[in-house]
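The structure presented is a predicted model; accordingly, all values stated were derived computationally and were not measured.
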Amino acid sequence: MSIVHLPHSAAGVSAVRRRLGRELLAWGVSDEVADDAAVIVSELLSNALRHARPLPGPEPQIKVAWARIGDLVELSVSDGGAITEPRKGQPALSSLGGRGLGIVETLSQAWGVRRDDHGSTVWAHLHAPSIYPAMNGTGTLIKETTTPVQNLS
């Protein structure tokens, strides 16, 4: 699992995207899934920065996390919450915004919101089987064993 605390500003979004991409590729996730994950994290961060308060604490921050759970990658962004619940919008064709959670819904297998005393966390799950057959769900090589073949002639 990786956790990054960012200032409540857009300054660190590109660095998080790059780190996420590097780690997912190291875990054996395909380029396409890593690209989708980067788009999802960008959308979730943009929504948190635009609509939510920072997490409680001395520094105004947002928390971004990702974890590999078997063939799933969970991405999450935690903030101090907002007055309204995050939900997919129905923007007009001419609207400049309002499509973020629709993009998240399209790219992910599932997404949702968890609330606690400190704020809310918007999460998304991506199906991300390893591209390497000898890797487990955490990016660790599985030891291969072979049984000697006897010559029966």
Hey, mind stepping through Val122 and Val104 against side chain to side chain contact (heavy atoms under 4.5 Å, CB included) and telling me if it holds? CA-CA 10 Å; Val122 181; Val104 170; 6.0 Å; no
Output all residues satisfying side chain to side chain donor-acceptor pair (under 3.5 Å) with Ser108, sequence neighbours left out; order by chain, then residue number. none
Residues in side chain to side chain donor-acceptor pair (under 3.5 Å) contact with Ser76, at least two apart in sequence or another chain: none
What's the shortest heavy-atom distance between [X] and [Y], and which atoms?
X: Trp27; Y: Arg68; answer: O-NH1, 2.9 Å
X: Leu24; Y: Ala37; answer: CD1-CB, 3.5 Å
X: Ser42; Y: Val13; answer: OG-CG1, 4.2 Å
X: Pro7; Y: Leu49; answer: O-CD2, 4.5 Å

Linking I/L/V/M/F/W/Y whenever any side-chain heavy atoms sit under 4.5 Å apart, do Val113 and Leu126 land together? yes
Do Ile40 and Leu25 land in one hydrophobic cluster if side-chain heavy atoms of ILVMFWY residues count as linked below 4.5 Å?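 They do not share one cluster, since no chain of ILVMFWY contacts under 4.5 Å joins Ile40 to Leu25.
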Between atom [atom1] of [X] and atom [atom2] of [Y], what is the distance when rounded to the nearest 0.5 Å?
X: Asp36; Y: Ile103; atom1: CG; atom2: CD1; value: 11.0 Å
X: His5; Y: Leu55; atom1: NE2; atom2: CG; value: 6.5 Å
X: Thr121; Y: Leu75; atom1: OG1; atom2: CG; value: 12.5 Å
X: Glu74; Y: Met1; atom1: CD; atom2: CE; value: 6.5 Å

Is there a side chain to side chain contact (heavy atoms under 4.5 Å, CB included) between Leu6 and Leu45? Walk through the geometry before answering. CA-CA 10 Å; Leu6 294 174; Leu45 279 169; 3.9 Å; yes
Sidechain-backbone polar pair: Arg115 side chain, Gly81 backbone, donor-acceptor under 3.5 Å: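 Side chain of Arg115 to backbone of Gly81: no pair is present.
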So, the side chain of Asn47 versus the backbone of Arg50: is there a donor-acceptor pair under 3.5 Å, distance only?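 No.
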Sequence neighbours excluded, the answer for side-chain contact (heavy atoms from CB on, under 4.5 Å) partners of Ala52 is Asp79, Ala82
Ser30: what forms a side-chain contact (heavy atoms from CB on, under 4.5 Å) with it, not counting sequence neighbours?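 Ser30 satisfies side-chain contact (heavy atoms from CB on, under 4.5 Å) with Glu32, Val33, Ile131 only.
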Validation: residues 59-67 side-chain donor-acceptor distances under 3.5 Å, sequence neighbours left out:
from: Trp66; atom 1: NE1; to: Glu23; atom 2: OE1; distance (Å): 3.0

Partner set under ring pair (Phe, Tyr, Trp, His ring centres under 6.0 Å) for His125, not counting sequence neighbours: Trp123
Under the criterion side chain to side chain contact (heavy atoms under 4.5 Å, CB included), I'd like the reasoning laid out for His127 against Asp71: C-alpha separation, chi angles, the key distance, then a yes or no. CA-CA 6 Å; His127 182 65; Asp71 280 351; 4.1 Å; yes
